[in-house]
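Written out below as structure tokens is the structure these notes cover.
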Protein chains: 2
Amino acid sequence: MKRDSRLSGVLHVLLHMADADGPVTSEALAGMMQTNPVVIRRILGGLRKQGLVQSEKGHGGGWRLACDLDQVTLYDIHVALGAPDVLALGHRTESPGCLVEQAVNAAMSDAFSEAEALLLDRFRTITLAALSRDFRLRRKSGERECDNRK
Amino acid sequence: MKRDSRLSGVLHVLLHMADADGPVTSEALAGMMQTNPVVIRRILGGLRKQGLVQSEKGHGGGWRLACDLDQVTLYDIHVALGAPDVLALGHRTESPGCLVEQAVNAAMSDAFSEAEALLLDRFRTITLAALSRDFRLRRKSGERECDNRK
DNA sequence: ATTTCATGTAATAAATTGAGTTACATGAAA
DNA sequence: TTTCATGTAACTCAATTTATTACATGAAAT
């Protein structure tokens, strides 16, 4: 089963936007993400409806953040993406007539919801600001350790 | 993202086998699961290698359990199925060069592994015997409440 | 023996789905 | 009025899972 990396991808894009001065075009973002500009627009279009980003057309246009990095958590982004399934495992039938399957579902349901709740709780504790700080930290120490051009 | 219901399906099949007297054919099991006999054989063939079930060919053949219901947990079955991904969410790139993406991955990794560990721990606490007991309980009360043929 | 039934397995088809692409409309700035 | 950028629909592509077909193997019944 292939994992859904949209959340990971969106965070990548948002942090690049946070690091930029002006608006960033979907073409530039697509370059960083090694994907297609239309894909970027589709994803960010969804986030715009939640007020997380805004876009401008024409010359000098592009995308910029429209939210407070300190106030937005991974959970908010997850929800803005439509709150897709967090777990890869699921029930074969949601409301089975078979009593065997009812027993199976009942036993697994608790485990599922506990794990999902834990993950989403963790997401709620991580703000975009924290990610951005971590990124800048990595960039700084990366310069010290690896960049010997100057 | 579609959820992987193989574990759910296998449990269904195993409990029906536990409830049967003799061996059960893959055709009968396929009927219960509304799928194809070959699919059943493929799945159970994997479990046979782990010693969880055994099969017999020819007349009167079919599948039967080859394990102690008290000793086998959902976790064992999960592993026997190849321990597929538990989470639907994942990293866009596993070892990214981009520092932004490194920061994103680092932040999400902990949440991921905690949620996965929790789910698998819960699976370790549920035995096939417990599921089977629950099933028989449901059947009994179902007879009392709904079955007025006798 | 040979017929019947059931598993074992390879190969293929069909269905699903996310991602990528093309094409064109809309709108803003140069 | 030209250029640049988003907005969106429609379509193609690629990967994965599941279902199906076909046939070989082996065991029991007759």
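Quantities reported herein were computed from a predicted structural model and do not represent experimental measurements. Chain naming here is simple, since letters A, B, ... match the order of the sequence lines and numbering starts at 1 in each.
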Whole-Å gap separating C1' (dG18(C)) and CE (Met33(A)):
14 Å
In dot-bracket, 5' to 3', how would DNA chain C read with Watson-Crick or G-U wobble pairs under 3.5 Å, [ ] for crossing ones and | for pairs to another strand?
||||||||||||||||||||||||||||||
ring-ring contact (aromatic ring centres under 6.0 Å, His included) partners of residues 15-67 of chain B, not counting sequence neighbours, each pair once
His12(B)-His16(B)
Do the side chains of Val38(B) and Met32(B) join up, straight or via other hydrophobic residues, at under 4.5 Å, putting them in one cluster?
no
What is the separation between atom CG on Leu44(B) and atom P on dG8(C), rounded to the nearest whole Å?
9 Å
Where the side chain of Ser5(B) meets the backbone of Ser8(B), is there a donor-acceptor pair that is under 3.5 Å apart?
no
Starting at CG of Leu89(A) and ending at P of dT17(D), how long is that distance when rounded to a whole Å?
13 Å
Specify the residues of residues 7-24 of chain B, ordered by number, for which at least one heavy atom lies under 4.0 angstrom from an atom of DNA chain D.
none
Linking Ile, Leu, Val, Met, Phe, Trp and Tyr by side-chain heavy atoms under 4.5 Å, what else ends up with Leu118(B)?
Leu118(A)
Salt bridge (charged side-chain N to carboxylate O under 4.0 Å, His left out) with Asp70(A): which residues, sequence neighbours excluded?
none
According to side chain to side chain contact (heavy atoms under 4.5 Å, CB included), who are the partners of Asp19(A), at least two apart in sequence or on a separate chain?
Phe135(A), Arg139(A)
Heavy-atom distance under 4.5 Å between the side chains of Leu44(A) and Val13(A), does that happen here?
yes
Take the protein atom CD1 of Ile40(B) and the nucleotide atom C1' of dA6(C), then report the distance between them rounded to whole Å.
14 Å
Report, one pair per line, the protein and nucleotides 26-30 of chain C atoms (nitrogen or oxygen only) whose separation is under 3.5 Å.
from	atom 1	to	atom 2	distance (Å)
dT26(C)	O2	Lys57(A)	NZ	3.2
dG27(C)	O4'	Lys57(A)	NZ	3.4
dG27(C)	N2	Gly58(A)	N	3.0

Examine dA6(C): is either OP1 or OP2 under 4.0 Å from a nitrogen or oxygen in the side chain of Thr25(B)? Give yes or no.
no
Interatomic distance, Arg64(A) CZ vs dA5(D) C1' [rounded to whole Å]:
14 Å
Which residues pass the side-chain hydrogen bond (donor to acceptor under 3.5 Å, both in side chains) test with Glu56(A), sequence neighbours left out?
Arg64(A)
Nearest-Å distance for atom pair CD/P, residues Gln54(B) and dA6(C):
17 Å
With a 4.0 Å limit, can you tell me whether Ser55(B) has a side-chain N or O closer than that to the phosphate oxygens OP1/OP2 of dG8(C)?
yes
Arg48(B) CZ to dT7(C) P, in whole Å, measures 10 Å
Which pairs, protein N/O on one side and nucleotides 19-23 of chain C N/O on the other, fall under 3.5 Å?
from	atom 1	to	atom 2	distance (Å)
dG20(C)	OP2	Thr35(A)	OG1	2.7
dG20(C)	N7	Arg42(A)	NH2	3.0
dT21(C)	OP2	Asn36(A)	ND2	3.1

Once you round it to whole Å, what is the distance between P of dG18(C) and CD1 of Ile43(A)?
12 Å
Heavy-atom nearest pair, Leu119(B) first then Leu87(A), reads CD2-CD2, 4.5 Å
Validation row: Leu89(A), Met108(A) side chains within 4.5 angstrom (heavy atoms)
no
If you look only at pairs with a residue in residues 30-45 of chain B, which of them pass as a side chain to side chain donor-acceptor pair (under 3.5 Å), with sequence neighbours excluded?
Ser26(B)-Arg41(B)
Could you pull out the closest heavy-atom pair between Gln54(B) and Ala66(B), with the gap in Å?
NE2-CB, 3.9 Å
Checking Leu52(A) now: which residues fulfil side chain to side chain contact (heavy atoms under 4.5 Å, CB included) with it, not counting sequence neighbours?
Leu47(A), Gln50(A), Cys67(A), Val72(A), Ile77(A), Ala80(A)
Give me each pair satisfying side chain to side chain donor-acceptor pair (under 3.5 Å) with a member in residues 106-118 of chain A, each pair once, sequence neighbours excluded.
His91(A)-Ser109(A), Glu114(A)-Arg122(B)
